[in-house]
Amino acid sequence: MNTILSSNLGFPRIGENREWKKALEAFWAGKLEESDFIKQIEEIRLNNLRLQQQKGIDLIPVGDFSLYDHVLDTSTMFGIVPKRFSYEGGVVPLSTYYAMARGTQGAAACEMTKWFNTNYHYIVPELKEVKPVLTVNKPLEAYREAKQKLGIEGKPVIIGLYTFLKLSKGYKSEQIDDLIHVFLPLYSRILAELSQEGVQWVQMDEPILVQSLSKSDISRIQHIYTTLAAAAPNLKLIVQTYFDSVEHYQDVVALPVHAIGLDFIHGLEQNLSNIQTHGFPANKVLGVGLIDGRNIWQADLEQKLEFLQGLAETVPYDRLLIQPSSSLLHVPVSTHKENKLDPILRDALAFAEQKLTELSILTKALIEGQEFIALELANNQKSLSALNTSSYRNKEVVQQEIAQLNSLPSARTSNFAKRRVIQEEKWQLPFLPTTTIGSFPQTIEVRNARKNWRNGKWSPEQYEQFIQEQIAEWIKLQEDLGLDVLVHGEFERTDMVEFFGEKLDGFAFTSNGWVQSYGSRCVKPPVIFGDVEFIQAMTVKETEYAQTLTDKPVKGMLTGPITILNWSFVRSDITREQVAYQIALALRHEVEALEQAGIEMIQVDEPALREGLPLKKKDWQAYLDWSVRAFRLSTATVRDSTQIHTHMCYCEFHDIIDSIRALDADVISIETSRSHGELIHSFEEHTYDQGIGLGVYDIHSPRVPSVNEMVEMIERALKVLEPELFWINPDCGLKTRGKDETIASLQVMVEAAKLFREKRAKPAS
Ligand code: GLN
Ligand code: ZN
């Protein structure tokens, strides 16, 4: 019999019923004593381990669990606490830990940013002016706990030193060698202590290895792993990569460690071809990430076994670890509670728990033989083919339209120069028109109304009436404020993707498919499981109603195809590109329906365009090209006089500016107030010559800015952008703000615009 091990890389912390989130929030709110909190959290952590144990996973990760974020855990383990939190050394107290994550009265929270191309956000380590020390060996504690309480021989997971440094800030690139010098003894000590304790396997996460690295990066990595291997010669070190194929394959597999983990989902082709071309070292173990750690579909187990058979020609079975492509942190916990879903869909899903089962089945097949899992294979094939052959996935109307994609219009009738003249004539807007991004405050009242309607306390008519009252109130407010282009306020939407997903065909919503986004915040992405089809108008009713209340233009408000795609779990039987086109065509119906209803300014939001960029720069253009095409497919068929707006809530777009321009929106609004300088600078280099509104105030804070601040922002922008094309708007939607501060801020904004108009009317003598 072969010895083939299954291995997991990380497990969701949140618990099957988000117990983790609830515990954290209760503790923060002072409703849970620290000791009770610690007890509850321990129970969740042990439950997660127990589950993996029951599933028969051989190498169970320990130390991947966290009280907030595993990068923050690593920083605090090394005593890396910015000065402003007045930390005095030793083990970082829980209060300091949470102060860093969430901020306090006196100290701003640490920066948070996306973990590679996922929707998980980590706390960015600040290495400035700190002297790292090992305050506590967290992986060792985690290992001991699992062993003592559950008899698990765990595999400690540690963020690899190079990835950790590359994700940190507060140092200059030439200081990196000094930092390695300082950190290496600490990492060495962690490993030496683990080895002494009897630990066998240790997983060092180095996802940075999938990004482009220089020769000197590689030699630093070699230095790191040579040192670490020497520090703990008996440990089986795994250098684990994920989210894409490794760069510098030959150097990476030659690192002096016991095993290398590769992603055979997201970097499949390149990783595989590297193995086939260059082979794999005969003295090493290969971690085969073949169960998708980022998506929610059952794997095709037969196909996986075939894949493993093929792989075995280069790497024999007994040198494989059967594992997910990445930590399972990025998928929900279990499909158990999904009994509201259509069984055809539900049976084809695999969340974290089900993925563990898949790992066990595959491992068993390799060890005992495929005949021992015949039943499992049959069930798996049945579930997958039921979904694949279902009418959900095969909608003729959609597929016919997609088949004609090349003949469908993806460019406006006239170019911008011509549209601009026509639109100026039609709209007669003042100099520096003012508008907002779409949503107005979602007050408790609004949220309660929706709750009442969803749980049947209110009739649909009652709810609709309520929404109309909100719209009417805010149309009046916007008129009183003197805004030029109005919006209906999005009161009927909880979430900008969910709202459309609920109305389009091809989407499903899980009851419990939560995934951690940052800290205790979890999101429940919609599932795109079938062909996406437009069924009936989605936004016309509210927008049209709003327009009846005013003579000013009301902007229609849609979420764009790429944002809908990027914020959902997407079927994997066809490409993301194809799904994007399906959504785009469905949205085009909506755009046309709005236009027909007399809504002739339409905003198609794409806040998630940038975050969908692939990890490797060489893959950017292909993604941007099909994204732009999808956006244009949804917006191209309107009349020249109809004004298409788009919105993005970030400003680092100088590196994708050509694609932004290629969207060919008549007006774009973007966030800028938090990094105004940078943005203005980028417009000095790249001109933008279509309508553009740079956010003139930060909507993330309740503070009402002064007229002067806004005037200054506008003045600086007008130095680099054409004033006649410039719009005035806040950074983003206002749904998270309170009503009073919103009105006050918009008042200031309109006043600032007026000052500029007056100045232009009578230039200073
Ligand atoms: N129209 C949306 C709103 O105002 C845009 C939100 C976003 O950019 N994330 O809420
Ligand atoms: Zn935004």
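Just so you know, these numbers come straight off a predicted model, no measurement behind them. We count ligands from 1, going down the list as the structure has it; atoms in each ligand are counted the same way.
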J.: Measure centre to centre between the rings of H330 and F116, then say whether the value is under 6.0 Å.
T.: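 Between H330 and F116, the centre distance exceeds or equals 6.0 Å.
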J.: Does the pair R493 and E502 meet the rule for a salt bridge (Lys or Arg N to Asp or Glu O under 4.0 Å), with working shown?
T.: CA-CA 11 Å; R493 309 180 189 178; E502 280 178 344; over 6 Å; no
J.: What do you reckon, are the aromatic ring centroids of W727 and H645 less than 6.0 Å apart?
T.: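 Ring centroids of W727 and H645 are less than 6.0 Å from each other.
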J.: For ligand 1, would you mind listing the residues that have at least one heavy atom less than 4.0 Å away, ordered by chain and number?
T.: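 Residue list for ligand 1: I437, G438, S439, E490, M496, M557, D605, P607, H647, C649, C732, G733.
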J.: Using 2.8 Å as the cut-off, note every protein N, O or S atom close to the Zn ion (ligand 2).
T.: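 Checking every protein N, O and S atom gives H647 NE2, C649 SG, C732 SG.
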J.: Quick check on the 6.0 Å ring-centre criterion: do W458 and F466 meet it?
T.: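 Centroid distance W458-F466: below 6.0 Å, so yes.
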J.: Would you call R588 and E592 a salt bridge, using N to O less than 4.0 angstrom?
T.: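 Salt bridge present between R588 and E592.
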J.: Using modelled atom types and a 3.5 Å cut-off, is there a donor and acceptor pairing between side-chain atoms of S520 and backbone atoms of K21?
T.: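 No: the side chain of S520 does not pair with the backbone of K21.
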J.: Would R450 pass as a cation-pi partner of Y463, given that its NZ or CZ must be under 6.0 Å from the six-membered ring centre and within 45 degrees of the axis?
T.: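 No, a cation-pi geometry is absent between R450 and Y463.
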J.: Can you tell whether the side chains of D619 and K616 come within less than 4.0 Å, N to carboxylate O?
T.: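 Judged by the 4.0 Å cut-off on N to carboxylate O distance, D619 and K616 do not form a salt bridge.
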J.: Against R412, only a single residue in T635, T637, D666 fulfils side chain to side chain donor-acceptor pair (under 3.5 Å); can you say which?
T.: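 Among T635, T637, D666, the one that satisfies the side chain to side chain donor-acceptor pair (under 3.5 Å) with R412 is D666.
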